[in-house]
Amino acid sequence: MRFSACGFCRTLFFIFASIRLICSLRVGGDTRLSVVPKMHRSQLLFEKLTDLYVLLLITVFFLYTGSGGYESILNSKAWAFYLLSGGYIILTLIFLGEGILVGVLPRPSFKAIWLGASAFQKFIVLYLLFTWISCLISPYMPLCILGASRYEGALAITVYGICSIFVSNWGKVKASWVWATGISMTIFSVLCLIQIHGQNPLTLYPEGYTYLDAYSAYSGAYLGTVGNVDLVAAVFSLTIPLLTGICLKCTGRLRFLLLFPLVLSICILIQMGVLAGFVGVLGGIVISLTVWVPRSVKSRNLTWLLLFVLAFVLLTVVFLCDIGDGIFHEAHNLLHGNFNPKFGSGRIYIWKEVLERVPSHLWFGTGPDTMLLTGIEGFSRFDPSLSIQIISEIDVAHNEYLNVLSQQGMLALVAYLSALGCLALKWIKQGLRCTKIAILGGAILGYSIQAFFGFSSCITAPIFWLCLGLLDGSDPSANSEKNGRSKQS
């Protein structure tokens, strides 16, 4: 069963209206409400609204495909993203304004807001500022507001950032989110598994086509409720480390139920064969072991040392031995300085072309989501199954960091990397004593490693930015207090 666009809109409207009504009710006879400070009640309102937003994002939005199949999935997901995330922002601002007008919330000053913001939030604000400067001075204005090809213009990036900041302020990780993620990933993986075996249960492929026709009857490969397998790899790079961390770090037997979606996801990843996904998942999990497993700083340093030794041995073997004709063969040649443009499914060619154009617009780029308009010559490859030469248009750098540099400029990239750096420091310093921080940091790391070979999209990026906000807002002291109460009981 597929959701219609109208049904999606009606559902969101009903749920948002219901949560506002529920949060504003005054239950007769409940004297406890009268002693709760108004400020605290407002905080609860924003927390409930954020809770609802997160649940809808990881379930309804993630599983929504629209009515046009893979041919229009980007368009369907983009409008669903704006409706859900934009609705969350608008409702939050309305409730904030209402609270200020009725005197429940203090009138804000820019100085107080800025001083009270976390370092992550400040860098995200700077990132959005530089993004809009890039957009406004772009020769492709106004196309770069919504985006010239992928719906990831300045407006979408702004929604990512604001939602992340709001979630950082009011998002409180709940068990219901974990189970909702497990259920969504189970449904998603089962659908992918059915499609990989040649079925078309939701008619997402055009009539007469299946996943087995990928790269032959049509270009690319598409799976699940996401579409492009590179985006599916991005999802797995985030969720597989997340589920692994939960199974390793959390307590209680019920957590092992998450092994079912975890194993399913790993099986799909293996059958897809997308190398960026393998690198993201393995890199995220292996490096995260330095935070998940050790019980002290000393044992963590020992784990780091072992990983460095293993990495050195692996690089030495790849440098000395030319193994096969896949990723190890390409890595061997790259380590010897042999750069073939066809390496990495053409990524070396794309990166070279993009980097050559960066100096001419170094500080503010060409504008968000404008690469298709910059005149980069398409990448051509010969398809032996079709016996034709295929030319692919280049509208993204297939490296998220290079994409920001090229389209939003050096200043935006520095701000973005600084925001990620703040979270990385928090993960390293506080991950040993806070389970939430340890697990979220591992998930973000997996996606960030995959991002060196992938691309951002409004189909998957909202969930990544959600995790950024949750990690920034996680309080290790709350975790410590909870553990203390558990031990006493």
Side-chain angles (χ1 to χ4, degrees), residues 117-127 161 164-165 167-169 171-173 178 234 237-251 279-312 314-315 400-401 404 413-454 463-484:
S118 66
F120 166 80
Q121 293 173 343
K122 291 176 181 177
F123 281 120
I124 291 301
V125 170
L126 290 176
Y127 173 62
S164 184
I165 291 173
V167 169
S168 171
N169 286 331
K172 307 295 181 184
V173 177
V178 176
S237 295
L238 185 73
T239 55
I240 290 178
L242 179 72
L243 295 173
T244 303
I246 293 172
C247 291
L248 289 176
K249 293 289 292 180
C250 294
T251 58
V279 174
V281 169
L282 290 176
I285 292 176
V286 170
I287 297 176
S288 294
L289 291 176
T290 62
V291 176
W292 292 347
V293 176
R295 297 293 181 181
S296 64
V297 175
K298 182 178 179 180
S299 58
R300 182 178 66 182
N301 292 338
L302 179 61
T303 307
W304 273 112
L305 178 61
L306 291 175
L307 288 180
F308 277 123
V309 171
L310 289 175
F312 177 78
L314 178 62
L315 284 175
E400 290 193 26
Y401 311 104
V404 173
L413 177 63
V414 170
Y416 179 64
L417 292 178
S418 298
L420 294 182
C422 291
L423 297 184
L425 287 175
K426 181 174 184 176
W427 180 58
I428 293 172
K429 291 181 178 180
Q430 302 177 6
L432 289 179
R433 56 193 178 95
C434 180
T435 300
K436 289 184 294 185
I437 291 176
I439 295 172
L440 286 168
I444 292 170
L445 177 63
Y447 182 97
S448 300
I449 293 173
Q450 172 274 153
F452 276 99
F453 313 97
I463 300 175
F464 171 65
W465 283 82
L466 166 67
C467 292
L468 295 182
L470 289 174
L471 177 54
D472 182 58
S474 295
D475 183 7
S477 62
N479 188 80
S480 299
E481 292 174 4
K482 183 177 179 180
N483 290 341

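- The two residues L440 and S474 have their closest heavy-atom pair at CD1-OG, 3.8 Å.
- Looking at heavy atoms from C-beta onward, L445 lies out of side-chain contact with P241 at the 4.5 angstrom threshold.
- What you find for V281 and S237 is that their closest heavy atoms are CG2-CA, 3.8 Å.
- Atom CD of residue Q450 and atom CZ of residue F464 lie 9.5 Å apart, to the nearest 0.5 angstrom.
- Contact of the V125 side chain with the I165 side chain is registered, since non-hydrogen atoms from C-beta on lie closer than 4.5 Å.
- In this structure, the side chain of W292 does not engage the main chain of K249 through any donor-acceptor pair within 3.5 Å.
- Side-chain N or O atoms of K436 include none that pairs as donor or acceptor with a backbone N or O of L470 at under 3.5 Å.
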Please determine whether side-chain contact (heavy atoms from CB on, under 4.5 Å) holds for the pair Q121 and N169, giving the CA-CA distance in whole Å, both sets of side-chain angles, and the decisive distance to 0.1 Å. CA-CA 10 Å; Q121 293 173 343; N169 286 331; 3.1 Å; yes
Start with the C-alpha distance between L126 and S418, add both sets of side-chain angles, then the distance that settles side-chain contact (heavy atoms from CB on, under 4.5 Å), and finish with yes or no. CA-CA 10 Å; L126 290 176; S418 298; over 6 Å; no
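- Contact record, A438 with V291: CB-CG1, 3.8 Å, taken as the closest heavy-atom pair.
- The two residues D472 and S118 have their closest heavy-atom pair at OD2-OG, 2.9 Å.
- Looking only at side-chain heavy atoms (C-beta outward), Y401 and S448 come within less than 4.5 Å of each other.
- From L468, atom CG reaches atom OG of S168 across 10.0 Å, with rounding to the nearest 0.5 Å.
- Residues W427 and I444 have side chains not in contact (no heavy-atom distance under 4.5 Å, counting atoms from C-beta outward).
- The two residues I449 and G283 make their nearest non-hydrogen contact at CD1-C, 3.6 Å.
- Once rounded to the nearest 0.5 Å, the distance linking CG of L248 with CD1 of I439 reads 8.5 Å.
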Checking side-chain contact (heavy atoms from CB on, under 4.5 Å) for the pair F120/L471: CA distance, chi angles, key distance, verdict? CA-CA 10 Å; F120 166 80; L471 177 54; over 6 Å; no
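- Distance OH/Y447 to CG/L420: 10.5 Å, rounded to 0.5 Å.
- If you take SG on C422 and CZ on F123, they are separated by 5.0 Å, rounding to the nearest 0.5 Å.
- Using a distance-only test at 3.5 Å, with no hydrogens or angles considered, a donor-acceptor pair links the side chain of S164 to the main chain of W465.
- Shown here for I124 and A419, the closest heavy-atom pair between the two residues is CD1-CB, 3.8 Å.
- Here the straight-line distance linking atom CD1 of I437 with atom CG of D475 works out to 7.5 Å at 0.5 Å rounding.
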